[in-house]
Amino acid sequence: MASSRYERIWGVVRRIPRGRVATYGQVAVLAGIPRGARQVGYALHALPDVTSVPWHRVLNARGCISVRAGGASVTQLLRLEREGVRFDSGGRTDLARFQWQPRRRARSKQLRR
DNA sequence: GCGGTGACGGTCG
DNA sequence: CCGACCGCCACCG
């Protein structure tokens, strides 16, 4: 019970830098759960209202906000725009430009790349 | 323990 | 480019 999937997922989301976004699938892979995009959505849904996890930086593979609950999506959009992430008229963002590209985890004392 | 469900994703028409 | 379908996998009743 060291760390549930939720803990790992939240841990990954917490690493997303300000002004950048990540996709559900990307977060899933980084959390060690390939094909677990849906579970990422579940994990974020389970977050409390007040949290230090920047859940708003997670978008779907198309680069748009996929939230069903009306209100929350607006909050997410506002927060991202405030961080400098721009959306087009279709509510999509340019992933090539804003997607977070994490560096491979350095294995302490081992050169990365 | 089973079946339905869903902040998703890739494929097909 | 867009909508429909199916596949995945953990949570909930």
Side-chain angles (χ1 to χ4, degrees):
Chain A
M1 47 135 280
S3 61
S4 62
R5 295 122 194 98
Y6 282 11
E7 290 288 333
R8 282 205 305 250
I9 291 171
W10 294 336
V12 171
V13 175
R14 219 181 295 250
R15 303 209 313 270
I16 304 174
R18 190 169 171 288
R20 295 280 183 175
V21 299
T23 65
Y24 291 96
Q26 179 184 9
V27 172
V29 171
L30 291 174
I33 311 171
R35 270 37 171 190
R38 279 188 113 153
Q39 278 49 253
V40 172
Y42 245 89
L44 297 187
H45 185 73
L47 281 171
D49 288 344
V50 180
T51 175
S52 59
V53 179
W55 56 270
H56 59 283
R57 294 178 190 147
V58 184
L59 305 177
N60 63 27
R62 294 182 291 180
C64 51
I65 296 173
S66 34
V67 173
R68 257 221 359 110
S73 61
V74 177
T75 299
Q76 180 171 19
L77 177 64
L78 255 42
R79 287 192 183 182
L80 287 176
E81 288 191 321
R82 212 182 69 172
E83 294 184 353
V85 178
R86 295 225 187 159
F87 290 82
D88 61 21
S89 56
R92 294 168 60 176
T93 191
D94 185 359
L95 287 180
R97 180 180 170 188
F98 297 109
Q99 182 169 27
W100 174 44
Q101 292 162 17
R103 303 238 166 192
R104 295 173 61 86
R105 222 85 81 99
R107 287 286 166 65
S108 38
K109 85 167 166 192
Q110 174 107 322
L111 288 190
R112 60 181 88 85
R113 118 192 243 290

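Just so we're on the same page: letters track the sequence lines, and every chain starts at 1.
In this structure, Gly25(A) reaches the sugar-phosphate backbone alone: every heavy-atom distance under 4.0 Å involves primed, P, OP1 or OP2 atoms, never a base.
For Gln76(A) (side chain) and Val58(A) (main-chain N/O), a donor-acceptor pair under 3.5 Å exists by modelled atom type. Although no hydrogens or angles enter the test, the distance criterion places no donor-acceptor pair under 3.5 Å between the side chain of Glu83(A) and the main chain of Arg57(A). Trp100(A) places no side-chain N or O within 3.5 Å of a backbone atom of Pro17(A) that could act as its donor or acceptor partner. Proximity of a side-chain donor or acceptor of Thr93(A) to a complementary backbone N or O of Arg86(A) within less than 3.5 Å is detected.
Applying the 3.5 Å distance criterion, the base of dG6(B) shares a donor-acceptor pair with the side chain of Gln39(A).
The nearest whole Å value for the distance from the CD1 atom in Ile9(A) to the P atom in dG6(B) is 18 Å. Nucleotide dG9(B) holds its C1' atom 14 Å from the CD atom of Gln99(A), rounded to whole Å. Tyr42(A) places its OH atom 11 Å from the C1' atom of dA7(B), with the value rounded to the nearest Å.
Criterion: ILVMFWY side-chain heavy atoms under 4.5 Å apart, direct or through other members. Under it, Val29(A) and Leu95(A) are not part of a common hydrophobic cluster.
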Pair Thr51(A)-Trp10(A), side chain to side chain contact (heavy atoms under 4.5 Å, CB included): steps then yes or no: CA-CA 10 Å; Thr51(A) 175; Trp10(A) 294 336; over 6 Å; no

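A heavy-atom distance below 4.0 Å to DNA chain B is reached by these residues of residues 47-59 of chain A, ordered by number: Trp55(A).
In DNA chain B, stems built from 3 or more consecutive Watson-Crick or G-U wobble pairs, each with both distances under 3.5 Å, span B:2-6 with C:9-13, B:8-13 with C:2-7.
Nearest to the side chain of Arg38(A), among dA7(B), dG7(C), dA10(C), sits dG7(C).
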